[in-house]
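Scope of the values below: all heavy atoms of this structure, side chains included, with no hydrogens, waters or symmetry mates. Below, chain A is the first sequence line, B the second, and so on; all start at residue 1.
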2 protein chains.
Amino acid sequence: MLLTPKKPQRSTAKLRDPEGTRESLLQAAFREVYRYGFQSAGIDAILAATNVTKGALYHHFGSKEALGHAIIEEIIAEITKDRWLRPLEQSKDKNPIDALIGIVQAIPARPRDVKRGCPLVNLTQEMSLLDEQFRKRLERIFRAWQEGIATALRKGQQTGTVRHDLDPEEAASFLIAMVEGYEVLAKNAQDAKVWNMGIKNIRNWLSSLRAPGTGKGG
Amino acid sequence: MLLTPKKPQRSTAKLRDPEGTRESLLQAAFREVYRYGFQSAGIDAILAATNVTKGALYHHFGSKEALGHAIIEEIIAEITKDRWLRPLEQSKDKNPIDALIGIVQAIPARPRDVKRGCPLVNLTQEMSLLDEQFRKRLERIFRAWQEGIATALRKGQQTGTVRHDLDPEEAASFLIAMVEGYEVLAKNAQDAKVWNMGIKNIRNWLSSLRAPGTGKGG
DNA sequence: CCGCGTACATACTGGTTGGTATGTTGTTGA
DNA sequence: TCAACAACATACCAACCAGTATGTACGCGG
């Protein structure tokens, strides 16, 4: 007899809860990947951060790669939506520049977040070149992000709050590049002050996109 | 007898050449780290890319970490100096904005480079949070980079080619953030077009720093 | 009440990895 | 001329790590 059958200590409430285990696994895996990177995040470390066993993990995900894909599609994509896309859609009628300034300022400046950087950039840097599957999934998020900003700017042009002499797509990617670039700088410095200075500069740049004669508020 | 003594095939020219082995080791290690990241770059893979053995590697470097430190200080720092600091110093009397535009445009847009991104950013993203020794060395490079740009801008303010209503340090870090940010975007897209669009936008921004009445050329 | 599928749990493995122990060879200073 | 040392080369190892083989517990349809 090779296996000593472990007495099953699942609480009765946990019976038939297929999504609970998967979800907590995903969350723990995200935290580990966010901190150490995908390749350095160990399966055993992820497991240790939960009360889930290896059998359960490989029941829900076919491989470490599949787990990584799920992290991108179910966690990182959601963060982007929560932070950028939904706020932009909800403030449809407002001046999009004010909305964008609000969003940028709302990005957490807590030391913990600044030090870890942006999950999207972290994974992009690590995996884009190495694994096409990862890259494609990450690119989808970038595209949606850029598209969301561009759409808001285009609407602003129609309602006259945004300058007409700019290409919405180009301005959107410029904004993303600035945000990501400052996050890299702040992560290296491990200092929230760098990030706060970045916010200030990004805000100034965003203000320069206002249509002439359009003050703050809209 | 455990070891079959290998017939020493060092060419007579290679006798007493302490720097040659070390240097080629460093170059190969840099290439591997650049491509796969520090943690994923295997010692054996580095060795396979050269005709150097493990004994030689551990003779010159105490550990993989020490090798990583040497890569930062001897290779990546040099790249930054070559690409940014020396060109800025050599064009002392010229308009610094023109010099900066020239530097940005000179950053290679070859697909190979775009796809691999910036070595400095790659290592920062991977290691800053995990290893303080790495972070400190990388931060030194960032600081020197920012300081070089800021100094050039300050001189431009004195000679009247750069607007006075900007903080040179702040503008320098803004420029760096833009460059790094676009490199992240281009790396994710794996497309040089993204990078070329970034150059265009950065150039426009740089031009906006000119003192009023100062045309191109200085 | 029974068989079958889902949802796990545990032990194990084969390959990889950074690092080391121990050897040899050529040079150089005394 | 010879001992000491730098500069390697080779074989080996212990730890780690993704993945698997094989088991059990539970619930549900029939």
List, with names and distances, any nitrogen or oxygen atoms from the protein found under 3.5 Å away from nitrogen or oxygen atoms belonging to nucleotides 13-16 of chain C.
none

List the residues meeting ring-ring contact (aromatic ring centres under 6.0 Å, His included) with A:Y34, not counting sequence neighbours, and say none if there are none. A:F30

Return the set of residues passing ring-ring contact (aromatic ring centres under 6.0 Å, His included) with B:F134 (not counting sequence neighbours), or none when no residue passes. B:F38, B:H69

Using a cut-off of less than 4.0 Å, is there contact between a side-chain N or O of A:T21 and OP1 or OP2 of C:dC8? yes

Counting any heavy atom closer than 4.0 Å, what does B:A41 reach on the DNA or RNA strands: base, sugar-phosphate only, or nothing? sugar-phosphate

Between A:R135 and A:E139, does at least one N-O distance fall below 4.0 Å, as a salt bridge requires? yes

Separation of C:dC12 atom P from A:Y58 atom OH, nearest Å, is 19 Å

For DNA chain C, find the residues of residues 61-74 of chain B with a heavy-atom distance under 4.0 Å and give them by number; none if there aren't any. B:S63, B:K64

Position toward the 5' end of DNA chain D (nearest nucleotide), A:D44 or B:K54: B:K54

Give a yes/no answer on whether the side chain of A:H60 brings an N or O atom under 4.0 Å of OP1 or OP2 in C:dT6. no

To 10°, what angle do the rotation axes through the five end pairs on each side of the helix from C:dC1-D:dG30 to C:dA30-D:dT1 form? 0°

Under the ring-ring contact (aromatic ring centres under 6.0 Å, His included) test, residues paired with A:W195 that sit two or more places apart: none

Between CD on residue A:E180 and CG on residue A:L120, distance to nearest 0.5 Å: 6.0 Å

Rounded distance (Å) that lies between atom C1' of D:dC17 and atom CD1 of A:I46: 12 Å

Among D:dA18, D:dC8, C:dA9, which nucleotide sits nearest the side chain of A:T53? C:dA9

Starting from P on D:dA7, measure out to CZ on B:R22 and report it in whole angstrom. 11 Å

B:Q190 side chain to B:K187 backbone, donor-acceptor under 3.5 Å: yes

Between B:E126 and B:Q39: side-chain donor-acceptor atoms closer than 3.5 Å: yes

To the nearest Å, how far apart are A:L47 CG and C:dA9 P? 9 Å

Would you say the ring centers of A:W205 and A:F174 fall short of 6.0 Å from each other? yes

For B:Q39 and D:dC17, give me the distance from atom CD to atom P, rounded to whole Å. 11 Å

For the pair made of NE2 in B:H59 and P in C:dA21, what is the distance, rounded to whole Å? 17 Å

Touch class at under 4.0 angstrom, heavy-atom based, for A:G55 against every strand present: base

Do the side chains of B:R22 and B:E74 get close enough for a salt bridge, i.e. N-O under 4.0 angstrom? yes

